[in-house]
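Reviewing the structure listed below.
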Amino acid sequence: MRARSLLAAGGYNGFSYADISESVQISKASIHHHFPSKAELVRTVLVLYREEARVGIAALEQQIPDPLAQLEAYTGYWARCIRDGTSSFCICAMLAAELPAIPREVADEVRGHFQDLGAWLASVLAKGAAQGLFFLRTSPEEEAMTFMATVHGAMLSARAYGDPGVFETVVQPLMRRLTSR
């Protein structure tokens, strides 16, 4: 969806219905017919984004039982997206920076994404610690917040430097720290 890529590029206030209309060659009236407000459009995009994330995580857990390999697959996904330009930034991370200025229904979806991702990461970290793969310095929940902040910061740094390789440069020390005593 074009709105999703516009959100990743510039956040909530970085696009308009006119931008979508122009890029997909439909009238603004048609967009307004389906999404009476920008908040409803963005909330719908986020609901779909969160569902894709849930499906992706479930598939990852089913296909890759090893917790370390799961985290590597997760960071590898973002590294590939950034490198090939598929998705250079998590739209919820982008919108989190705008939380004070975005509508409540949009902010609720953003917070929900962070809660979902944090819970999954905490469970992966707890499993990995129980198996002796990870050596956590704090609780799995706190480590999950650090992991999310590092991954999202790595996205931001890669964007700021204009260098997709910066993402992995930032994330790799975190992975090493998790697996070192």
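Because the structure is a prediction, the values reported are computed rather than measured. Hydrogens, waters and symmetry mates play no part in the numbers below; they use all other heavy atoms, side chains included.
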Residues 6-15, side-chain donor-acceptor partners within the protein, below 3.5 Å, at least two apart:
| unit_1 | atom_1 | unit_2 | atom_2 | d |
| --- | --- | --- | --- | --- |
| Tyr12 | OH | Ala39 | N | 3.3 |
| Asn13 | ND2 | Glu98 | OE2 | 3.4 |

[atom1]-[atom2] distance between [X] and [Y], expressed to the nearest 0.5 angstrom:
X	Y	atom1	atom2	result
Glu105	Thr44	CD	OG1	10.0 Å
Gln70	Leu133	CD	CG	10.5 Å
Leu60	Glu72	CG	CD	11.0 Å
Leu41	Arg4	CG	CZ	13.0 Å
Lys127	Asp66	NZ	CG	11.0 Å
Arg177	Glu143	CZ	CD	4.5 Å

Quick one: are [X] and [Y] in side-chain contact, heavy atoms under 4.5 Å?
X	Y	value
Leu174	Thr75	no
Leu71	Leu178	yes
Val171	Met175	yes
Val45	Phe35	no
His113	Ile91	no
Tyr49	Glu109	no
Pro140	Phe134	no
Ile82	Val166	no

Assigning hydrophobic clusters by single linkage (Ile, Leu, Val, Met, Phe, Trp, Tyr; side-chain heavy-atom cutoff under 4.5 Å), is [X] placed with [Y]?
X	Y	result
Val47	Leu99	no
Phe114	Val106	yes
Val124	Tyr77	yes
Leu121	Val170	no

Open item on the list: Using the side chain to side chain contact (heavy atoms under 4.5 Å, CB included) criterion, which residues pair with Arg176? Sequence neighbours excluded.
Closed with: Gln172, Pro173
TODO: Can you sort out the partners of Glu142 under side chain to side chain contact (heavy atoms under 4.5 Å, CB included), two or more places apart, ordered by chain and number?
DONE: Thr138, Ser139, Met145
Please find the pair of heavy atoms, one from [X] and one from [Y], that lie closest to each other, and give the distance.
X	Y	answer
Val110	Cys92	CG1-O, 3.5 Å
Met155	Cys90	SD-N, 3.4 Å
Met94	Phe89	N-CE2, 3.6 Å

Open item on the list: Phe167 vs Val151, test: side chain to side chain contact (heavy atoms under 4.5 Å, CB included). Steps then yes/no.
Closed with: CA-CA 8 Å; Phe167 178 83; Val151 168; 4.0 Å; yes
- [ ] Mark yes or no for whether Arg80, through its side chain, and Gly76, through its backbone, hold a donor-acceptor pair below 3.5 Å.
- [x]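 The answer is yes, because a donor-acceptor pair under 3.5 Å joins these two groups.
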Taking atom [atom1] as the centre, does [X] end up with more than 12 heavy-atom neighbours from other residues, nucleotides or ligands that are less than 6.0 angstrom away?
X	atom1	answer
Gln62	CD	no
Arg137	CZ	yes
Tyr161	OH	no
Glu40	CD	yes

Task: Steps toward side chain to side chain contact (heavy atoms under 4.5 Å, CB included) verdict (Ile102, Val42) - done: CA-CA 10 Å; Ile102 60 178; Val42 173; over 6 Å; no
